[in-house]
Amino acid sequence: MGLTLPDGKMPKKGKTGAWSTGADILEDMATIHDLPRRILDWRQVSKLKSTYTDALQDHINAETGRVHTSYSIAGANTGRLASTDPNLQNIPIRSEEGRRIREAFVAEEGKLLVALDYSQIELRILAHVAGIEELKQAFRDGVDIHALTASEMFNVPLDEMTPEIRRQAKAINFGVIYGISGFGLARNLRIPRSDAQGFIDRYFERFPGIRAYMDDTIAFAKEHGFVQTLFGRKINTPEINAKGPQAGFAKRAAINAPIQGTAADVIRRAMIRMPAAIEGQPAKMLLQVHDELLFEVEEGAVDRLIDTARGVMENAADPAVKLDVQLSVDAGQGQSWAQAH
DNA sequence: AGTGCAGGCCAC
DNA sequence: AAACGTGGCCTGCACT
């Protein structure tokens, strides 16, 4: 096939040999023809209708008139919950059209939905476990962590930070949590791989403790066949000594597991303590979405509920684990789940 | 008609 | 060889 996309990129084939038509490919193609954009637009509304608008209505319980999910408490390898039938942990929010799905989740008359979510919990845990003093201090000072990362990496003063530089640092911060590669960062930021590798090299120069944490974690996994959360929960890593493509996946999973798993432990501890803590308050805990708890609360009782639940969440690691970095919880409220965010 | 896979895409 | 972690659900298709 002779088609060459911008930057010399070529269409890709999947494992079956079919040409890929994924959104990233169509995004590139959209710069040279109108059709790919129309396909992307159609795919978006098609996805929203089939997976959410139509499917959610099929899950309305006849007795309660509400949608009820099921949670697997051992569904994810890291200790996260998994939500099924329907999955209420992947309700759209990022696109304007998607947010309209979230607007359909509303509180009963006289009540409000309250969303409390941990702010940057995985980066805080990373700062703690890797012992990165600059990051820990930034969280203590309430500094914008992506801007701080950008400032450190690119030698740009915080008061001269630009959205574009901050965006790149944000992608790097996410990548670090996931076990970054030059290839993956290049794809996400749509920059040359050599530039992406340069960013990563610079990052590890500025925060050498992060690389040490990663190396130590992989070494531990290779020796023991598992890694651990801060609370001591073990996560098996049976593929860690595999050869070939599996090796890379296993290493990245091992790097991510203690961080994601510790965050999962923290919110579980908060959830376990929550019923007793809010006893007597006209509030119900409805959903957990990994770093968020959603409540339905009688109007007039919202402020107190937020105070109580925030306290439980922010102190959920105590007393088993003393974090160097405090946990911080953002709260929102509204008639709909969209408004509560 | 049921099962399973691949590709795709939604969330954190 | 593949290429950033954890999941679930949808459609289309091959297969039994």
Side-chain angles (χ1 to χ4, degrees), chain A residues 12-27 39-40 42-56 58-59 69-72 74-95 97-99 101-102 115 117-123 125-126 170-189 193 196-197 199-200 214 217 227 235 237 242-264 267 287-294 337 341:
Chain A
K12 295 186 186 68
K13 290 183 181 180
K15 59 178 65 173
T16 60
W19 293 108
S20 170
T21 69
D24 53 340
I25 300 286
L26 294 189
E27 282 290 345
I39 294 174
L40 287 166
W42 183 86
R43 286 216 184 133
Q44 182 187 36
V45 291
S46 173
K47 174 78 174 182
L48 293 177
K49 182 174 190 295
S50 65
T51 306
Y52 301 102
T53 306
D54 292 343
L56 283 172
D58 296 336
H59 282 283
T69 187
S70 296
Y71 284 110
S72 328
N77 203 33
T78 55
R80 276 189 176 185
L81 302 184
S83 163
T84 63
D85 308 304
N87 180 359
L88 294 185
Q89 290 181 322
N90 73 341
I91 301 303
I93 191 170
R94 294 177 187 177
S95 74
E97 295 80 0
R99 285 181 64 86
I101 301 289
R102 229 169 241 251
D117 63 283
Y118 286 104
S119 170
Q120 309 286 5
I121 185 169
E122 293 191 347
L123 280 175
I125 290 166
L126 176 67
K170 183 177 179 179
I172 293 164
N173 276 333
F174 272 103
V176 165
I177 290 170
Y178 298 152
I180 201 167
S181 76
F183 189 97
L185 184 64
R187 183 161 55 75
N188 263 15
L189 285 177
R193 188 184 167 178
Q197 192 56 55
F199 288 176
I200 294 169
M214 292 181 169
T217 300
V227 293
I235 298 165
T237 57
K243 302 299 176 197
Q246 290 304 96
F249 285 107
K251 286 179 183 173
R252 291 190 293 273
I255 289 168
N256 174 259
I259 302 169
Q260 190 181 117
T262 297
I267 196 167
L287 293 176
Q288 186 253 45
V289 190
H290 307 307
D291 65 356
E292 168 189 357
L293 296 176
L294 185 72
W337 197 3
H341 264 269

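Letters A, B, ... mirror the listed sequences (proteins, then strands); counts begin at 1.
- For the pair A:Leu88 and A:Leu56, the minimum side-chain heavy-atom distance is below 4.5 Å.
- One can place CZ of A:Arg102 at 10 Å from C1' of B:dC10, the figure rounded to the nearest angstrom.
- In terms of modelled atom types and a separation under 3.5 Å, the side chain of A:Gln89 and the main chain of A:Gln288 share a donor-acceptor contact.
- Residue-to-nucleotide contacts include no donor-acceptor pair under 3.5 Å from the side chain of A:Lys47 to the base of B:dC10.
- In the set C:dG7, C:dC9, B:dC10, the nucleotide with an atom closest to the side chain of A:Thr84 is C:dC9.
- Within the 4.0 angstrom heavy-atom criterion, only backbone atoms of the sugar-phosphate kind lie near A:Asp85; the bases stay farther away.
- Contact between A:Arg43 and A:Ala23 at its shortest, heavy atoms only, is NH1-N, 4.4 Å.
- Across all strands, A:Ile255 comes closer than 4.0 Å to no nucleic acid atom at all (heavy-atom distances).
- One N or O on the side chain of A:Asn256 and one on the backbone of A:Ile177 form a donor-acceptor pair closer than 3.5 Å.
- Rounded to an integer number of Å, the gap from A:Gln288 CD to C:dG8 P is 13 Å.
- Phosphate proximity of B:dG8 to A:Arg43: absent, as no side-chain N or O sits under 4.0 Å from OP1 or OP2.
- At a threshold of 4.0 angstrom between heavy atoms, the contacts of A:Ala257 with the nucleic acid are absent.
- Minimum interatomic distance between A:Ser181 and A:Gly184 (heavy atoms only, all atoms of both residues): OG-N, 2.9 Å.
- Taking CG of A:Leu40 as the start and CD1 of A:Ile25 as the end, the distance is 11.0 Å to the nearest 0.5 Å.
- OP1 or OP2 of B:dG8 lies within a sub-4.0 Å distance of a side-chain N or O belonging to A:Ser20.
- For A:Asn90, the listed nucleotide lying nearest its side chain is B:dA11; candidates were B:dA11, B:dC9, C:dT6.
- For B:dC9, neither phosphate oxygen OP1 nor OP2 lies less than 4.0 angstrom from any side-chain nitrogen or oxygen of A:Arg94.
- In the set C:dT6, C:dC9, C:dG5, C:dT6 carries the atom at the smallest distance from any side-chain atom of A:Ala76.
- For A:His59 and C:dC9, the NE2 to C1' distance is 9 Å, given to the nearest whole Å.
- A:Arg80 has no side-chain polar atom (N or O) that falls below the 4.0 Å cut-off from OP1 or OP2 of C:dT6.
- Remark: A:Gln197 engages A:Asp201 in a side-chain hydrogen bond (donor to acceptor under 3.5 Å, both in side chains) (not counting sequence neighbours).
- Separation of the C1' atoms belonging to B:dG8 and C:dA1 is 22 Å when rounded to the nearest angstrom.
- For the pair A:Arg187 CZ and C:dA2 C1', the computed distance is 11 Å after rounding to whole Å.
- Using a 4.0 Å heavy-atom cutoff across all strands shown, A:Gly175 reaches at least one base atom of the nucleic acid.
- Note that A:Arg187 lies outside the cation-pi zone of A:Phe183, set by a 6.0 Å cut-off to the ring centre and a 45° limit from the axis.
- In the model, A:Gln260 has no side-chain atom that pairs as donor or acceptor with a side-chain atom of A:His290 under 3.5 Å.
- Nucleic acid contact for A:Phe249: sugar-phosphate only, since backbone atoms but no base atoms lie under 4.0 Å from a heavy atom of the residue.
- Distances from the side chain of A:Val289 to the nucleotides C:dA3, B:dC12, C:dG8 place B:dC12 closest.
- Among the protein residues, A:Ile91 comes within range of the sugar-phosphate backbone only, with heavy atoms under 4.0 Å from sugar or phosphate atoms but none that close to a base.
- Whole-Å rounding puts the A:Lys49 NZ to C:dC10 C1' distance at 12 Å.
- For the OP1/OP2 pair of B:dG8 and a distance below 4.0 Å, the side-chain nitrogens and oxygens of A:Thr21 include at least one atom meeting the criterion.
- A:Leu26 has its CG atom 12 Å from the C1' atom of B:dC9, to the nearest Å.
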Could you list the protein-to-nucleotides 11-13 of chain C atom pairs, N/O on both sides, closer than 3.5 Å?
none

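- For A:Phe183 and C:dA2, the CZ to C1' distance is 8 Å, given to the nearest whole Å.
- Going from atom CD1 of A:Ile93 over to atom CH2 of A:Trp337 covers 8.0 Å, rounded to the nearest 0.5 Å.
- Direction of the helix axis in the helix from B:dA1-C:dT16 to B:dC12-C:dG5 shifts by 10° between the two five-pair termini, rounded to 10°.
- Taking the nucleotide of DNA chain C with the nearest heavy atom to each of A:Asn87 and A:Gly179, the more 5' of the two is matched to A:Gly179.
- Using a distance-only test at 3.5 Å, with no hydrogens or angles considered, no donor-acceptor pair links the side chain of A:Thr84 to the main chain of A:Asn87.
- In this structure, A:Ala264 reaches neither bases nor backbone, as no heavy-atom distance under 4.0 Å exists between it and the strands shown.
- As a whole-Å value, the separation of A:Gln44 CD from C:dC10 C1' is 15 Å.
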